[in-house]
Number of protein chains: 2
Amino acid sequence: MLTLQSESHMLSKSCQYALRAVVYIAEESSTTQLVGAQQMAESLQIPKHFLSKILQQLSRNKLISSTKGPNGGFYLSRENEQVTIDRIIEVIDGPGLFTACVLGLPSCSSAHPCPLHEQAVGYRDGLYHKLKNLTIRELTLVTRLEKKESSTPK
Amino acid sequence: MLTLQSESHMLSKSCQYALRAVVYIAEESSTTQLVGAQQMAESLQIPKHFLSKILQQLSRNKLISSTKGPNGGFYLSRENEQVTIDRIIEVIDGPGLFTACVLGLPSCSSAHPCPLHEQAVGYRDGLYHKLKNLTIRELTLVTRLEKKESSTPK
DNA sequence: CAAATAAAAGATATTAAGGTCTTCTATACT
DNA sequence: AGTATAGAAGACCTTAATATCTTTTATTTG
């Protein structure tokens, strides 16, 4: 474990940033009060310009909304709030995570499964199904609920 | 989806190679007939020297065995056959995949869950449990079974 | 013991992800 | 209209993963 080590993390850093940013936008912004990339980068401890790129990409793909100029920033439209988490992952990391073979075999499929196919697919499809039905808005509600619970004295 | 794209794959390429190699060794080698890195690289279509490094790392960590010299190569000892798949992933990619937060938050835990914690942990732990109880030997048996099934005429 | 073989080791190259900086453009407000 | 603000865009740099090449060491076999 000296030289070789990838620290595989399932989602790329870009994608992790994207998800954290979207949650932040959902929580901190409203149609009257937008949230800037600057502020977001500081609060989330993400390099500003790198975050900007990610936000732009999400914006271009209509997953979040933005306005330029003074008091500009990012926010979620009604439509954006219904965007599901799998879409964000798909836009940033591509569809590979939920479709590609765990062993990277192009020929692997349910008809010609690799040795790990069955083990992996169950896990993957389950998560995919949840994420496909989990909207940005719902995700923040979950968070608020969890926060409330964890602040309850035991 | 133009410039930014990570093609996240859950397991690093090194790790995918490692798993494919281990399966290959389990299937093709015996205590009398070892399998060389050369042959393995050709059969599995993996860069030879890169594969060698991975095999060395597995060998150093006692997950596979090797002997040098003519007719040398890699094989699985009795102990190696009982090695579980999670160990291979751990040695190559580190323990992160099964412990780190999906969003990359260091503070995330079941006590202080991130918004995706519950969604991710259930499936992750499920897969981990399976891999932790799946030995190299068992994995090849699964493969053989699947091959047999897929060769059965419908 | 010499020659051949094959893994081990390590230096080096390539590529892609991650991160930074500068310039440009749209918008709001005076 | 002019100026300040903040996102958009793109060039550029750094680091880590991936890949290649060369040398060394251990082992077998004649």
Side-chain angles (χ1 to χ4, degrees), chain A residues 1-18 20-21 25 29 32-42 44-75 92-94 96-97 104, chain B residues 1-18 20-21 25 29 32-42 44-62 64-75 92-94 96 104:
Chain A
M1 172 160 158
L2 17 159
T3 44
L4 216 69
Q5 196 83 337
S6 315
E7 206 51 52
S8 194
H9 263 141
M10 183 144 151
L11 298 181
S12 72
K13 238 171 185 180
S14 300
C15 195
Q16 296 176 359
Y17 289 165
R20 286 168 56 195
I25 296 171
S29 81
T32 53
Q33 186 61 41
L34 309 192
V35 52
Q38 178 81 45
Q39 172 198 342
M40 221 183 302
E42 283 168 8
L44 299 176
Q45 300 266 67
I46 300 173
K48 180 189 163 184
H49 292 96
F50 192 42
L51 177 59
S52 295
K53 274 194 185 177
I54 294 166
L55 293 171
Q56 285 163 31
Q57 197 167 347
L58 294 176
S59 181
R60 257 184 262 120
N61 283 275
K62 316 268 185 206
L63 305 187
I64 63 177
S65 305
S66 72
T67 57
K68 292 183 177 183
N71 303 319
F74 297 89
Y75 66 100
I92 302 296
D93 275 352
L97 181 61
Chain B
M1 168 161 160
L2 17 158
T3 44
L4 218 70
Q5 196 83 338
S6 314
E7 206 51 51
S8 194
H9 263 139
M10 183 146 152
L11 297 181
S12 72
K13 237 170 184 181
S14 301
C15 194
Q16 296 175 359
Y17 290 164
R20 287 167 55 194
I25 295 170
S29 81
T32 52
Q33 186 61 40
L34 309 191
V35 53
Q38 179 80 45
Q39 172 198 342
M40 221 183 302
E42 282 168 8
L44 298 177
Q45 300 266 65
I46 300 174
K48 179 190 166 184
H49 293 97
F50 192 44
L51 177 60
S52 295
K53 277 193 179 176
I54 294 166
L55 293 171
Q56 286 164 30
Q57 197 166 346
L58 293 176
S59 181
R60 259 184 260 121
N61 283 276
K62 317 265 185 209
I64 64 177
S65 306
S66 72
T67 56
K68 293 183 176 183
N71 303 320
F74 298 89
Y75 66 99
I92 302 295
D93 275 353

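Hydrogens, waters and symmetry mates are skipped; everything else that's a heavy atom, side chains included, is used. Naming: A, B, ... by sequence-line order, numbering from 1 per chain.
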_Looking only at the side chain of A:K53 (C-beta and beyond, no hydrogens), which of the listed nucleotides D:dT27, D:dA11, D:dA4 gets closest?_
D:dA11
*Rounding to a whole Å, what distance do you find between B:Q56:CD and D:dT23:C1'?*
13 Å
*Just to confirm, is there a sub-4.0 Å distance from OP1 or OP2 of C:dA7 to any side-chain nitrogen or oxygen of B:T67?*
no
*Return the 5'-most residue of the pair B:H49, A:H49 with respect to DNA chain C, ranking by each residue's nearest nucleotide.*
B:H49
*Reckon B:S66 has a side-chain N or O less than 4.0 Å from the OP1 or OP2 of C:dA8?*
yes
*asked:* What's the closest nucleotide to the side chain of B:P70 if the choices are C:dC21, C:dT5, D:dT20?
replied: C:dT5
*Provide the closest heavy-atom pair for A:G72 versus A:L34 in the form atom of the first, atom of the second, distance.*
C-CD1, 3.9 Å
*Let me know the distance between CD1 of A:I25 and C1' of D:dG7, rounded to the nearest Å.*
12 Å
_B:S14 vs D:dT18: side-chain N/O to OP1/OP2 distance below 4.0 Å_ = yes
*A:I46 side chain reached by A:M40 side chain, heavy atoms, under 4.5 Å*: no
*asked:* So B:S59 and B:I64, do their side chains get closer than 4.5 Å, heavy atoms only?
replied: yes
_Nucleotide nearest A:F50 when distance is taken to its side chain, options C:dT5, D:dA26, C:dG18_ = C:dG18
*Between D:dA11, C:dT27, D:dA9, which nucleotide gets closest to the side-chain atoms of A:R60?*
D:dA9
*Pick base, sugar-phosphate or nothing for B:S59, based on heavy-atom distances below 4.0 Å to the nucleic acid.*
sugar-phosphate
*In whole angstrom, what separates A:E42's CD from D:dA6's P?*
11 Å
*For the residue pair B:T67 and B:Y75, establish whether any side-chain heavy-atom pair is separated by less than 4.5 Å.*
yes
*Rounded to the nearest angstrom, tell me the gap between atom CD1 in B:I92 and atom P in D:dA17.*
13 Å
*Under 4.0 angstrom between A:Y17 side-chain N/O and C:dG18 OP1 or OP2*: no
*To the nearest angstrom, how far is A:K68 atom NZ from C:dA26 atom P?*
6 Å
*Side-chain contact, heavy-atom cut-off 4.5 Å: A:L97 with A:L11?*
yes
*Give the rounded distance in Å between these two atoms: CZ of B:F74 and P of D:dA26.*
16 Å
*In whole Å, what is the span from the CG atom of B:N71 to the P atom of C:dA6?*
7 Å
*Which whole-number value in Å describes the distance from B:K13 NZ to D:dT20 P?*
10 Å
